[in-house]
J.: 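Sharing a structure with you now.
Residue numbers begin at 1 in each chain, while the letters A, B, ... track the order of the sequences. These figures come from a predicted structure and were not determined experimentally. Reckoned from all heavy atoms, side chains included, excluding hydrogens, waters and symmetry mates.
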There are 2 protein chains.
Amino acid sequence: MSGISDVARMAGVSKSTASRALTGGGYVSEATRQRVLEAARHIGYVASTNAASLVTGRTKNVGVIIPFVNRWYFGEVLEGVEDALLACDYDLTLYNVRPGTPSRSRIFEHFLARKRFDGVITIGLDPSPDELDRLLSLDRPVVSLGAQYDGVSSVAIDDVAVSRLATEHLIGLGHTRIVHIGGERSADLTGTVHGRRLRGYLDAMTDAGLGAETLHVPSEMTLPGGYAAGVQVVSNLRSRPTAISAASDEVAVGAIVAARRTGVQVPAELSIVGVDGHEYAEMFSLTTVEQSPREQGVAVVELLMDALGGRQESTTALLHPTRLVVRSTTARPRT
Amino acid sequence: MSGISDVARMAGVSKSTASRALTGGGYVSEATRQRVLEAARHIGYVASTNAASLVTGRTKNVGVIIPFVNRWYFGEVLEGVEDALLACDYDLTLYNVRPGTPSRSRIFEHFLARKRFDGVITIGLDPSPDELDRLLSLDRPVVSLGAQYDGVSSVAIDDVAVSRLATEHLIGLGHTRIVHIGGERSADLTGTVHGRRLRGYLDAMTDAGLGAETLHVPSEMTLPGGYAAGVQVVSNLRSRPTAISAASDEVAVGAIVAARRTGVQVPAELSIVGVDGHEYAEMFSLTTVEQSPREQGVAVVELLMDALGGRQESTTALLHPTRLVVRSTTARPRT
DNA sequence: CGCCGCGCTGAGAGCGCTCTCAACGTTATC
DNA sequence: GATAACGTTGAGAGCGCTCTCAGCGCGGCG
């Protein structure tokens, strides 16, 4: 275990000078710097971030709080965040807070309190008041991706708008009996992604004078969830809708599979539109509103770096662009 | 920022005693311990793991090296590992080494060298000689999941056996024209998961006297990859096989979608079997050989904890059980 | 009664760094 | 020529802990 003193001795300078040369602070003559660098390389010296943290208080580590790892959006975001953090020379400590797990509270109460990070990125997190309290009392910058809450800068897309856009696409094609498949309906339609997407659907329907026709089939935000809901929609022969506005592409693809399996033609008998730009969308020719989670991951890291560098201009909420991609799961309804 | 001295002062003891009471080492009277604990709770004291690491050399942190986050198997494993690590009071630092990314070498050369962990878990890693070298020279325990390499204990399934089992299931049903869809064929059929699964298929075919009939369509180990390969298989009208042995469930589901889309009946005209026990398998009624990545994640953490606790009994290679689950994508071939 | 061992406690060294501060030689300024 | 300023360096304190070691009171034992 070679320390900085070894490097210093080998380069014939003091610990202080070696430190300066290595970390790049203060005055060091170019010659000395080279000598120190050479010595360090020679004995394979790597600074102990630990010891450095102890004195500087900065850990070169960022905590990432994420509810799921195994869903497309979250996986993409995580990879984007990881890449961006590495580029800034930061490690990433993962805190997987699956909702309803006992470990979730343990993370908030115990692990976060250790403050082994310079800042925190939360992804798609809808914190309880207590959790938010703990987060803010960490005395470290916190930024959020895919969700907005009090006192925290964020990067996200306009979930209401994307769902509205998707629904309006269906309305524009002439559909009137449009059903929305998505998450549970809760009292508050702004606290969750699926809530906001339900709201976008409702807004579009209301604005088109179809307010009385709205229909919401709740489902998990997963492919199997969409499948189950799709089966339900399709088997409802009496008043089968002519189109589905799904809260996400995973749900939409599930619905497509359900329709095909039941012999319902897509889009001839049933149009389906999703939201996300999932990697499966193209394969299923799914019409969808695309977003770019990877880029959002990079953006939220930038936001955090600003905060860490003291370049924080109060609380900001960045909205990333999205775009409608029309493929072949949507068409005019049969007259 | 309250330190241990504050706790000590408040409890009316020395720093040493406070430390003993808090970390549970050495002699402390029960009364004193309670007093210290109470004081710590009162001022919300949380020990700086950083400072502790500096003296003990243990970080209470584990590095996890993973090539993908966004594939089912890896996501499941990661969640299992995270859960198990939290239970042992360890943090998880994520190193996402996507193959071919420039960040991959940076991680091996720079980030790992910082040694901010007590041990390393590699997931499905096929390290280059140089990478393996760097890994072992870290002087920290390394354990591997889903891949075996020199000098490292591992947890995995028998990838050759599962694929052989899946293929034998098809052979048992009477199929002879069976094609394998899976990863690139490389010179060495043991270094990668898809290589070993290809080998299992080849072994089963050869043992059944069908050695001359083997056919391998390479594809990415993803759903779109399986779709593309499936299209290719299905459109080959002259000598269409009666069954597909897919290297993974994602590939198998892709092939199912391709078949349905082309109007080929599954399983009437084409049987398809996968490997993994993917969350989509049930929804597609896919016959498959199930494994349990989550449990494997837990198991590999146990292995690492043994190594960290000095209970390492040389290098072990645990094989986890798998089982064939017959659903309805496989049937006897039409005569 | 003296000594040892046991249970408990405190003093203080030191983990590997960074950073402040003083010192020193050299050059610019008046 | 005296002084200031600048660039460069080293000494050493101290980050917040753990851990070794010595000390102290007390009961058991020879």
J.: Measure CZ/A/Arg116 against C1'/D/dG16 and give the value in whole Å, please.
T.: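 My rounded result for the distance is 14 Å.
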
J.: Nearest to the side chain of A/Thr23, heavy atoms from C-beta on, is which of D/dT18, C/dT18, D/dC17?
T.: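 Among the listed nucleotides, the one closest to the side chain of A/Thr23 is C/dT18.
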
J.: Could you tell me the separation between the OH atom of B/Tyr45 and the C1' atom of D/dT18, rounded to a whole number of Å?
T.: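 From B/Tyr45 OH to D/dT18 C1': 11 Å.
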
J.: Just compare C/dG10, C/dT9, D/dC17 and give me whichever is closest to any side-chain atom of B/Ser29.
T.: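 Output: C/dT9.
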
J.: Given atom CD1 of B/Ile4 and atom C1' of D/dC17, what is their separation to the nearest angstrom?
T.: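 It is 7 Å, rounded to the nearest whole Å.
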
J.: Distance only, no hydrogens: is a donor on one side chain within 3.5 Å (strictly under) of an acceptor on the other, for A/Asn61 and A/Thr93?
T.: yes

J.: Could B/Glu131 and B/Arg134 be called an ion pair, given the rule that one side-chain N must be under 4.0 Å from one carboxylate O?
T.: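 Salt bridge absent between B/Glu131 and B/Arg134.
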
J.: Looking only at side-chain N and O atoms, does A/Ser14 come under 4.0 Å of OP1 or OP2 in D/dG10?
T.: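 Result: yes.
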
J.: Does a side-chain N or O from B/Thr17 land closer than 4.0 Å to OP1 or OP2 of C/dG10, or not?
T.: yes

J.: According to a strict under-4.0 Å criterion, is A/Thr56 in side-chain N/O contact with OP1 or OP2 of C/dT18?
T.: no

J.: With DNA chain D as reference, determine whether B/Leu54 or B/Ser16 sits nearer its 5' end, using the nearest nucleotide of each.
T.: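 Counting from the 5' end, the first nearest nucleotide belongs to B/Leu54.
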
J.: Parallel, tilted or perpendicular: which one describes the rings of A/Phe111 and A/Tyr95, with boundaries at 30° and 60°?
T.: tilted

J.: For the residue pair A/Arg71 and A/Phe74, would you count it as a cation-pi contact if the rule is NZ or CZ under 6.0 angstrom from the ring centre and within 45 degrees of the ring axis?
T.: no

J.: Take atom CZ of A/Arg114 and atom P of D/dG16, then tell me their distance rounded to the nearest Å.
T.: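 Computing the A/Arg114:CZ to D/dG16:P distance gives 18 Å.
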
J.: Please report, rounded to the nearest Å, how far the P atom of D/dG16 is from the CZ atom of B/Arg20.
T.: 21 Å

J.: Looking across every strand, which nucleic acid part, if any, lies under 4.0 Å from A/Thr49 by heavy atom: base, sugar-phosphate, or nothing?
T.: nothing

J.: Has B/His110 got more than 12 heavy atoms of other residues, nucleotides or ligands less than 6.0 Å from its NE2?
T.: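 Check passes, neighbour count above 12.
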
J.: How many Å lie between CZ on A/Arg9 and P on C/dC17, as a whole number?
T.: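 Taking CZ of A/Arg9 and P of C/dC17, I get 12 Å after rounding.
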
J.: Within the pair B/Tyr27 and C/dG5, is there a side-chain N or O less than 4.0 Å away from OP1 or OP2?
T.: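 For B/Tyr27, the contact criterion (side-chain N or O under 4.0 Å from OP1 or OP2 of C/dG5) is not met.
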
J.: Measure from CD on B/Glu30 to P on C/dG7 and round the result to the nearest Å.
T.: 15 Å

J.: With nearest nucleotides of DNA chain C determined for B/Arg33 and B/Val55 from heavy-atom distances, which residue corresponds to the more 5′ nucleotide?
T.: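 By nearest-heavy-atom nucleotide position, the 5'-most residue is B/Arg33.
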
J.: Scan A/Thr32 against the nucleic acid and name what it touches under 4.0 Å (heavy atoms): base, sugar-phosphate only, or nothing.
T.: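 Sugar-phosphate contact only - A/Thr32 comes under 4.0 Å of backbone atoms but never of a base.
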
J.: May I have the distance from B/Arg58 (atom CZ) to D/dC19 (atom P), rounded to whole angstrom?
T.: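 Computing the B/Arg58:CZ to D/dC19:P distance gives 10 Å.
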
